[in-house]
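These notes concern the structure reproduced below.
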Amino acid sequence: MEFTTGTIRQTLDRLHREGINVTENTLRVWVRTGVLPAAYCGRKAYIYYPNVIKLLQEGVPQQQPKYENVQPIRRIV
């Protein structure tokens, strides 16, 4: 029986068994930056496997710039 939630290492092992090549560092960065949601128990992050598949299929969402109407800095002579 396959799990739906697991640690980063367990998720990585399942991805590799299914032929999806993702590095452990990539998963950790996605969790650390908040791109991939995770639940924590102490220092261990638990990831919902369907969220990983969804992220791989749809890609990383683009971040919108905070300041859209900012004028460039003018040089004072």
Side-chain angles (χ1 to χ4, degrees):
M1 181 174 156
E2 290 290 330
F3 65 90
T4 56
T5 303
T7 62
I8 292 177
R9 186 67 51 98
Q10 291 170 339
T11 304
L12 183 68
D13 290 340
R14 182 171 175 184
L15 286 169
H16 286 174
R17 278 195 313 270
E18 294 181 5
I20 302 170
N21 292 326
V22 176
T23 64
E24 183 175 356
N25 189 43
T26 301
L27 284 178
R28 292 188 186 281
V29 168
W30 285 345
V31 169
R32 189 178 325 116
T33 58
V35 172
L36 185 62
Y40 288 91
C41 182
R43 293 183 62 186
K44 241 180 232 280
Y46 289 91
I47 303 169
Y48 186 57
Y49 189 75
N51 284 346
V52 178
I53 297 302
K54 181 180 175 185
L55 178 67
L56 291 172
Q57 289 174 347
E58 296 177 3
V60 179
Q62 294 291 326
Q63 294 181 353
Q64 298 294 328
K66 292 182 181 179
Y67 308 104
E68 294 179 6
N69 297 327
V70 175
Q71 300 294 326
I73 298 175
R74 294 181 303 150
R75 184 173 180 184
I76 300 175
V77 201

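Quick note: residue numbers are just sequence positions, from 1. The figures that follow rest on heavy atoms only: side chains count, while hydrogens, waters and symmetry mates do not.
For R74, the salt bridge (Lys or Arg N to Asp or Glu O under 4.0 Å) test picks out no residue, with sequence neighbours left out. Partners of R75 under the side chain to side chain contact (heavy atoms under 4.5 Å, CB included) rule, at least two apart in sequence or in another chain, do not exist in this structure.
Atom CG of L55 sits about 6.0 Å away from atom CG of L36, to the nearest 0.5 Å. To the nearest 0.5 Å, the span separating OG1 on T5 from CD1 on I47 amounts to 9.5 Å.
For the side-chain hydrogen bond (donor to acceptor under 3.5 Å, both in side chains) condition, the pairs that include at least one residue of residues 21-38, sequence neighbours left out, are R9-E24, T23-T26, E24-R28. Within the structure, the side-chain hydrogen bond (donor to acceptor under 3.5 Å, both in side chains) test picks out the following pairs touching residues 41-55 (sequence neighbours left out): E18-Y49.
No continuous path of hydrophobic side-chain contacts links V35 to V29 [ILVMFWY only; heavy atoms under 4.5 Å].
Taking both residues in full, the closest heavy atoms of A45 and V31 are given as CB-CG1, 4.1 Å, listed atom of the first, atom of the second, then distance.
Looking at V22 and V52, their side chains never come closer than 4.5 Å, going by heavy atoms from C-beta outward. Side-chain contact between I20 and I53 is present, with heavy atoms from C-beta onward closer than 4.5 Å.
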